[in-house]
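Inspection log for the structure reproduced underneath, given as structure tokens.
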Amino acid sequence: MKSFWALLHRDVTLAIREGGAIGTALGFFLVVVSLMPLGLGPDLNLLSRIAAGILWIALLLAALLSLNRIFEADHEDGTLDVLATGPLPLELVTAAKSLAHWVTTGIPLAIMAPVLGILLNLDLAAYPVLVATTLVGTPAVSFLGAIGAALTMKTRRGGLLLALIVLPLYVPTLIFGISAVSAGAGPAGIGASFLILAAISLVTIVLGPLAAAAALKVQLQ
């Protein structure tokens, strides 16, 4: 496990040092959410009703922008070939890189979401639930995204193909993320939707690295 933590630390350090992917994701998230009140008009009740949906959709699209960097940079400089032949199983390599993507993209987006909720007149009771659901749901975004990133790693200009592969996989996370926020803002509090969202993340954390590693083995042959 020492190699796993070393690889995770390396990827997190590189992502923070370069900053481009994180800045692009946060900037896109800010711009999309900021434009919504301008497009929908000054109806605060309407914005409040659809705020959770807008925040979750914008978060998924923002995270999508940085998915291709999970493996692409290491493939270009040959690091991925070294990692594939090293002592650390490729499944743990993909797990470490997916986890690094969550730490450097998923967590910042989850922290930023309640700040942007102010622009959408989000109900005050929904803020704690929004933070909890985005923190619990974003691991699924990174671990599912790693599968698409592995499948399109050697595809030139594969951004559109990556989106076509990954976005359908995000549908359950999107549905239960929005419904958990809506339920949490009501008198019933966090309920089954939040537990299902957590279950989706746990399943993707277990199965995502296996699928991504299988895709990488095909790509590296």
Side-chain angles (χ1 to χ4, degrees), residues 1-29 58-110 137-171 173 200-221:
M1 291 303 291
K2 187 176 180 181
S3 299
F4 176 87
W5 294 116
L7 179 59
L8 174 62
H9 180 265
R10 165 190 172 275
D11 278 15
V12 171
T13 303
L14 285 176
I16 294 174
R17 185 181 300 166
E18 294 174 355
I22 304 173
T24 301
L26 294 177
F28 182 85
F29 193 28
L59 185 151
L60 293 180
L61 294 177
L64 187 66
L65 294 177
S66 60
L67 287 179
N68 61 344
R69 300 298 297 172
I70 294 179
F71 301 113
E72 190 178 72
D74 284 345
H75 174 61
E76 290 175 351
D77 63 14
T79 303
L80 195 58
D81 294 303
V82 175
L83 291 172
T85 56
L88 190 65
L90 199 53
E91 288 79 7
L92 289 180
V93 171
T94 58
K97 300 184 79 61
S98 302
L99 187 57
H101 180 267
W102 178 66
V103 170
T104 57
T105 303
I107 292 179
L109 288 173
T138 45
V141 175
S142 295
F143 282 82
L144 286 174
I147 301 172
L151 288 171
T152 59
M153 182 181 69
K154 296 175 72 174
T155 304
R156 292 187 62 186
R157 298 178 180 177
L160 179 59
L161 180 60
L162 176 60
L164 291 175
I165 293 173
V166 169
L167 285 178
L169 300 177
Y170 284 165
V171 171
T173 302
I200 291 172
S201 285
L202 288 176
V203 170
T204 57
I205 289 171
V206 174
L207 299 182
L210 301 178
L216 280 183
K217 288 175 184 176
V218 174
Q219 296 280 7
L220 294 174
Q221 284 180 355

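By convention here, the first residue in the shown sequence is residue 1. Values below: all heavy atoms of this structure, side chains included; hydrogens, waters and symmetry mates excluded.
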Would you check if [X] and [Y] make a side-chain contact, meaning some heavy-atom pair closer than 4.5 Å?
| X | Y | answer |
| --- | --- | --- |
| Met153 | Ile70 | no |
| His75 | Glu72 | no |
| Val12 | Ile16 | yes |

Contact summary for [X] and [Y], nearest pair of heavy atoms:
| X | Y | answer |
| --- | --- | --- |
| Ala15 | Thr104 | CB-CG2, 3.7 Å |
| Gly137 | Thr173 | O-CG2, 3.9 Å |
| Val103 | Pro108 | O-CD, 3.4 Å |
| Val166 | Gly145 | CG2-CA, 4.2 Å |
| Ala62 | Ala25 | CB-O, 3.4 Å |

Could you list the residues that satisfy side chain to side chain donor-acceptor pair (under 3.5 Å) with [X], not counting sequence neighbours?
| X | answer |
| --- | --- |
| Lys154 | none |
| Thr204 | none |
| Thr138 | Trp102 |

Just jot down the side chain to side chain contact (heavy atoms under 4.5 Å, CB included) partners of Asp74, sequence neighbours excluded, or say none.
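Expected list: Arg10, Asp11, Asp77, Thr79, Leu80, Leu83, Lys97.
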Sequence-distant partners of Leu60, side chain to side chain contact (heavy atoms under 4.5 Å, CB included), two or more places apart:
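Leu60: side chain to side chain contact (heavy atoms under 4.5 Å, CB included) contacts with Trp56, Val141, Tyr170, Leu174.
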Would you list the pairs meeting side chain to side chain donor-acceptor pair (under 3.5 Å) in which at least one residue belongs to residues 84-94, sequence neighbours left out?
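Counting only pairs at least two positions apart or across chains, the side chain to side chain donor-acceptor pair (under 3.5 Å) contacts touching residues 84-94 are Glu91-Lys217.
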Taking the side chain from Ser142 and the backbone from Pro139, do they hold a donor-acceptor pair closer than 3.5 Å?
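No.
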